[in-house]
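Please read the structure below before turning to the comments.
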Amino acid sequence: MKLKDLFKDYQGIDTEITGISTNSKQLQNGDLFVCIKGANIDRHDFIDEAIANGASALVVSKDIKASIPVIKVDDVDKEFVNILKKYYENPQEKLTLIGITGTDGKTTSAKIIQQLIGNDLCGYIGTLGIDCKSFEEHTNNTTPSIEKLYESLDKFVKANMKYVAIEASSEGYFYHRLDGINFDIGCLTNITSEHLNTHKTLENYIECKKQLFINSNTQVLNSNDIHFNEIKKVSNDFVTYGTNNDNLIINSFKCLPNKTDICITLNNKSYNVETSLLGKFNVENLSLSLLALTKLGFNVEDLINKCNKLVIPGRMQVIDEGQDFYCIVDYAHTANAVKNVLEFANTLDVNRIVTITGQSGGRDPFKRKEVGKTTLELSSYAYLTQDDPRYEKVEDIIKMMLDSTDKTNYEIVLDRKEAIAKAVSNAQKNDLLLFLGKGVDKYMAIEDRRDYYDEIEEILKAIKK
């Protein structure tokens with residue numbers, strides 16, 4: 001797009017814009033460099049670097065002289081969304097957008113929705129990256145930067161996607177990564193205390209969550225969630241799922257080590273659903289997904305027929321190499337998610353429940369002792385180890401995990417690879433080994449590095465050995 005097509009009042013030298021970026025280090029040759037002001041960084045300070053790396057023009061809110069075209073606006077941050085919409089020709093209006101928020105279950109619900117629709121029609125944006133049948137990309141955040149979000153929506157349009165399932169995180173709203181996005185349908189999994197390092201209070205956290213329901217046409221809510229009534233107040237056209245008088249009623253379910261049998265009532269008709277997803281929490285995630293998609297016009301029988309083939313990488317993922325014990329990998333790292341996984345494990349007919357887990361550094365420290373207490377109370381034995389320590393010491397994090405318990409059914413193994421190897425080598429017949437926290441992440445965050453690490457690869461290696 002030409003610069004004058006993007007800014008009608010611009011009277012300077014015209015030039016071709018091949019992309020939009022706010023990152024002076026990562027921009028591509030020909031990108032428009034937009035000097036937004038973040039909480040801690042003012043991009044005006046990186047103009048020289050942006051020009052050196054090939055920026056074709058600048059958008060600023062200060063008096064700047066440069067060797068490339070400069071467009072000055074009153075407020076770059078407010079203008080940024082309009083620039084993105086115009087450059088990408090409003091891709092969000094050409095797609096049916098399904099947003100999912102909640103403390104736990106966002107990834108699983110979004111992936112269920114994508115798989116039930118099919119990745120030839122539905123894209124995905126979230127913790128597991130950005131993908132559809134045509135392409136796949138890695139992201140650093142659950143909700144990517146706003147320029148990456150609009151770029152991805154544009155790519156989905158060009159790939160002939162009709163739907164996109166998006167994890168709408170609280171931090172996504174807090175950092176304005178979802179500005180200008182109105183969802184066709186907004187869905188709630190649950191709300192528990194999390195991300196207080198960013199939001200400071202639970203009230204602030206919930207206020208960010210509310211933005212999805214304020215900025216969506218229809219809402220799908222969990223009536224069993226303790227914050228349901230608060231979310232309901234900002235919802236204008238909502239349906240509910242739960243165990244009471246809901247649009248989708250969860251009548252009963254039975255959890256087995258390899259599947260879950262569910263009975264639901266939807267639109268006054270009962271259905272039996274067999275799914276490869278495990279645990280009560282996945283019963284809720286699946287219910288959310290079925291209700292959302294039937295609200296969008298999908299046939300419930302067609303959806304139910306696909307439920308037994310659902311596989312969510314790193315979410316209650318079973319590792320079966322013929323060993324005489326069970327291995328399940330799950331991303332659970334919040335207090336609520338860890339509790340849900342372990343409560344599910346305790347319903348199964350297994351020998352011991354052995355949990356391998358830790359807590360990440362540089363994140364909400366208040367949940368650590370609750371996660372530690374829950375892990376030791378609901379596990380037969382635990383290996384406490386590293387999980388993205390960043391600039392904190394692993395031993396200090398584990399000490400906080402042990403702060404409110406006098407249990408002794410654990411062993412501290414600082415290196416996660418060693419902890420996995422030890423847990424597998426000591427596994428007894430019919431034990432259930434739960435590997436919690438990392439899921440399918442391909443790194444271990446140590447200081448400012450992301451060292452290569454693959455949890456499933458380490459488990460397979462240990463089983464083979």
Side-chain angles (χ1 to χ4, degrees), residues 104 192 253-260 277-283 314-360 367-387 394-395 397-439 455-456 458-465:
D104 307 303
T192 60
F253 61 91
K254 182 179 180 181
C255 295
L256 300 170
N258 61 346
K259 69 173 184 175
T260 307
L277 302 175
L278 306 179
K280 175 187 174 183
F281 41 93
N282 276 330
V283 172
R315 268 63 179 177
M316 297 301 289
Q317 183 175 349
V318 176
I319 307 298
D320 185 359
E321 293 294 300
Q323 73 275 8
D324 61 0
F325 52 91
Y326 303 103
C327 290
I328 293 178
V329 176
D330 193 77
Y331 188 64
H333 59 280
T334 68
N336 186 60
V338 170
K339 180 173 178 285
N340 283 338
V341 171
L342 285 166
E343 285 183 343
F344 159 71
N346 276 275
T347 67
L348 301 176
D349 182 18
V350 296
N351 180 27
R352 300 182 306 159
I353 297 170
V354 181
T355 305
I356 301 88
T357 192
Q359 282 283 280
S360 58
K367 65 177 179 177
R368 292 173 185 171
K369 64 180 180 181
E370 188 176 352
V371 169
K373 182 180 179 182
T374 300
T375 298
L376 298 186
E377 285 181 350
L378 297 178
S379 303
S380 308
Y381 197 74
Y383 293 88
L384 302 181
T385 186
Q386 69 184 150
D387 182 343
V394 179
E395 48 265 52
I397 294 173
I398 293 174
K399 185 178 179 181
M400 292 180 72
M401 292 179 70
L402 297 170
D403 188 47
S404 61
T405 180
D406 56 3
K407 295 279 189 178
T408 59
N409 57 325
Y410 66 87
E411 183 175 343
I412 297 173
V413 183
L414 298 181
D415 183 87
R416 194 169 181 110
K417 293 180 181 179
E418 292 180 15
I420 289 172
K422 198 161 194 177
V424 170
S425 66
N426 291 332
Q428 300 172 13
K429 185 176 181 179
N430 209 35
D431 277 356
L432 171 59
L433 272 56
L434 297 172
F435 302 87
L436 305 184
K438 288 300 291 177
E455 184 105 313
I456 294 174
E458 293 302 321
I459 296 167
L460 293 174
K461 191 187 302 180
I463 290 173
K464 184 177 180 181
K465 184 177 180 180

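It should be emphasised that the depicted structure is a prediction, and the values quoted were computed from it without experimental measurement.
Between R416 and E455, at least one side-chain nitrogen of the basic residue sits less than 4.0 Å from a carboxylate oxygen of the acidic one, meeting the salt-bridge criterion. The pair E418-K422 fails the salt-bridge criterion, with no side-chain N (NZ, NE, NH1 or NH2) lying under 4.0 Å from an Asp/Glu carboxylate O. Between R352 and D431 there is a salt bridge, since at least one side-chain N of the basic residue sits less than 4.0 Å from a carboxylate O of the acidic one.
Between F325 and V350 the shortest side-chain heavy-atom distance does not fall below 4.5 Å. Counting heavy atoms from C-beta on, the side chains of T355 and F435 never come closer than 4.5 Å. Residues L278 and C255 have side chains not in contact (no heavy-atom distance under 4.5 Å, counting atoms from C-beta outward). Annotation: side chain of K429 is not in contact with side chain of N351 (no heavy-atom distance under 4.5 Å). Between N426 and Y383, the closest side-chain pair of non-hydrogen atoms falls below 4.5 Å. Side-chain contact between I319 and I328: absent, with no pair of heavy atoms (C-beta onward) separated by less than 4.5 Å. Using a 4.5 Å heavy-atom threshold, the side chains of M316 and V341 count as touching. Side-chain contact between D387 and I397: absent, with no pair of heavy atoms (C-beta onward) separated by less than 4.5 Å.
Taken from NZ in K280 to OG1 in T260, the straight-line distance is 13.0 Å, to the nearest 0.5 Å. Here the OG1-CG distance, from T192 to D104, works out to 5.0 Å after rounding to the nearest 0.5 Å. Note that the CG atom of L433 and the CD atom of Q323 stand 9.0 Å from one another [nearest 0.5 Å]. Taken from CG in N282 to CG in D330, the straight-line distance is 8.0 Å, to the nearest 0.5 Å. E370 CD to T375 OG1: the interatomic distance, rounded to the nearest 0.5 Å, is 10.0 Å. The CD1 atom of I420 sits 12.0 Å away from the OG atom of S425 when rounded to the nearest 0.5 Å.
By the neighbour-count criterion of 12 heavy atoms within 6.0 Å, atom CG of D349 is sparsely surrounded, having that number or fewer from other residues, nucleotides or ligands.
Formation of a donor-acceptor pair under 3.5 Å by the T374 side chain with backbone atoms of V371 is not found in this model.
Considering only residues two or more places apart in sequence or on other chains, D403 meets the side-chain contact (heavy atoms from CB on, under 4.5 Å) condition with K369.
The heavy-atom pair separating I356 from A419 by the smallest distance is CG2-CB, 4.3 Å. When all heavy atoms of L256 and F344 are compared, the pair lying nearest together is O-CZ, 4.1 Å.
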Show me, pair by pair, the donor-acceptor contacts under 3.5 angstrom made by side chains of residues 458-465, not counting sequence neighbours?
from: E458; atom 1: OE2; to: K461; atom 2: NZ; distance (Å): 3.4

Item to check | Stepwise side-chain contact (heavy atoms from CB on, under 4.5 Å) test for V318 and Y326 | outcome: CA-CA 8 Å; V318 176; Y326 303 103; over 6 Å; no

Item to check | Stepwise side-chain contact (heavy atoms from CB on, under 4.5 Å) test for L434 and T357 | outcome: CA-CA 8 Å; L434 297 172; T357 192; over 6 Å; no

Item to check | Pair L436-H333, side-chain contact (heavy atoms from CB on, under 4.5 Å): steps then yes or no | outcome: CA-CA 7 Å; L436 305 184; H333 59 280; over 6 Å; no

